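As structure tokens, the structure follows; a few thoughts come after it.
Since we're looking at a predicted model, the values are computed, not measured. When a residue number appears, it is its place in the shown sequence, counting from 1.
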Amino acid sequence: MARSPLAIDPRWPGAVAAALVLALTIGTLIAVALRAEWGGGLGSADWAAIRFTVTQALFSAFISVVLAIPVARALARRQFAGRKLLITLLGAPFLLPVIVAVLALLAVFGRGGVLNTGLAWVGLPQISIFGFHGVVLAHVFFNLPLAIRLILQGWLAIPAERFRLAASLNAPVGRLLEWPMLRAVVPGAFLVVFLICLTSFAVALTLGGGPRATTVELAIYQALRFDFDLGRAALLACVQFGLCVVAAVMVWRVTGRDSMGTGLDRVVQRWDLRRPWVDYGLMGAAALFLLVPLGMIVVRGASGLFEMPQSIWAAAFRSVLVATGSAIFCTVMALALAMRGGAVVAIVGVLPLAASGLVVGTGAFLILFPFINPADAALIITMLVNATLALPFALRSIAPAVTGVQADFGRLGASLGLRGWSWLRIVMLPRLRRPLGFAAGLAAALSMGDLGVIALFAGEGEATLPLAMYRLMGSYQMDAAAGAALLLLVLSLVMFWICDRGGRADADL
């Protein structure tokens, strides 16, 4: 993200974007810190929430990575028809709204799910998905595909020439090639999943199962919405921010340290392929674990579409509006920051990784409460916070492309007198359609499924589709909730596809 030496673009849009990000992260944190009751300290319930948050995140990350390693190895070793489609499907849960994933797991592992129905049929006792094990199960379901993709990239980065050399020397591939790669990749994958699990709100809200399974974010929500204890909510928000900062710094220091070198992009040929049934069995088991719950959502949701109340459609409209605005804000901020470049912008761009949606939402609530009813600004605040939280992912997509365009066309543009809007319109934007479309689609999909910020602010008339779906689940209208889940899933995927497809259309012109 280094800035071009040629001043062919204005710097003020990047400064405005950086100021907005700082206001929504550091600014809201300051508001939280000023309101926190530091003298009162943390109670026993608060310490229990902290322990549960860290413990479930550690277990979830450990299980996700341990299960991902053999599956990623199998995908790297085997070539078969439908392999690319399987890898694409394995990435779907990352775009899946969390509340939809929870309902999908309930359809399989819940009280009336497929598994308990089968256990009752053979006379065995039923199992409960609520509590610690349910939270861990949901996080593994949600993050296993991400861990697989991260570790698979490590395997695919090993040059084919390394495998050819190992084969010619009859050297052990696992010890000489795969183990060093895993030592470089696995710690980063573990910490990324750990950070995601630290900030998971919807999973604990729906599957926590009581006071003994409460995360810090859930405790913040309860302190604000039910107890209206602003001081305790602010103190817990500071604790949550501290946990996220520690995890984010560890991710930043660990990831991307090692490299397997470069090659000639030859197709990898493996001579150590034994026991193919093990690899195919692992891939099949992972596909069943991830795709069967999604299939249940489609099956149950199709009939539930006709049982949804009319309010669901209004909530869906609000979700689309929020997601569209969030995608636009996020993409514009990412482009402005990427064009400005520099170390400061790089730091500002990763600040949202250390910010939890509930922490930012709590700070915004504290700032707005003395002046207006926070529910009146629910959709705008949700839009801005979602755009900010998706910013690191958008920057990762856009910044390298901006750097490449500036390096390739910067001097030519300067010699032709292209500056400001002319440079952006004629040179930059046509060559950034692919990363801009992907970033917008990702931001829109993530915003569609948000249940954190809107849960703090929304009243009956401001609920988005995830919140309306959660309320249906709370009133035990599971068929209607399944219909809402299917609608939310379709809208999320369609918005991602529209943005991504729009970025790919005629991208080479």
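Here the closest non-hydrogen pair linking A394 and C330 is CB-SG, 3.7 Å. For the residue pair S492 and A445, the shortest heavy atom distance occurs at O-CB, 4.1 Å. Minimum interatomic distance between A378 and T382 (heavy atoms only, all atoms of both residues): O-OG1, 2.7 Å. Shown here for L282 and P70, the closest heavy-atom pair between the two residues is CD1-CB, 3.7 Å. Closest heavy-atom contact between A72 and I148: CB-O, 3.8 Å. Contact record, A485 with M469: CB-CE, 3.4 Å, taken as the closest heavy-atom pair.
Listed for the R318 side chain is no donor-acceptor partner under 3.5 Å among the backbone atoms of L465. Side chain of T25 to main chain of V21: a donor-acceptor pair is present (N/O by atom type, distance under 3.5 Å, no hydrogens or angles).
Here side chain to side chain donor-acceptor pair (under 3.5 Å) pairs that include residues 182-198, with residues two or more places apart or in two chains, number zero. The side chain to side chain donor-acceptor pair (under 3.5 Å) pairs that include a residue from residues 319-339 number zero, where partners must be two or more places apart or lie in different chains.
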For residues 184-194, tabulate all N or O donor-acceptor pairs below 3.5 Å that involve a side-chain atom, not counting sequence neighbours.
none

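The number of heavy atoms from other shown groups lying within 6.0 Å of OH (Y280) is above 12. In this structure, I380 places its CD1 atom where only 12 or fewer heavy-atom neighbours from other residues, nucleotides or ligands lie under 6.0 Å away.
Taking the side chain as every heavy atom from C-beta outward, I398 and F438 never approach each other to under 4.5 Å. A heavy-atom distance below 4.5 Å is found between the side chains of L144 and F289. A heavy-atom distance below 4.5 Å is not found between the side chains of V203 and T215.
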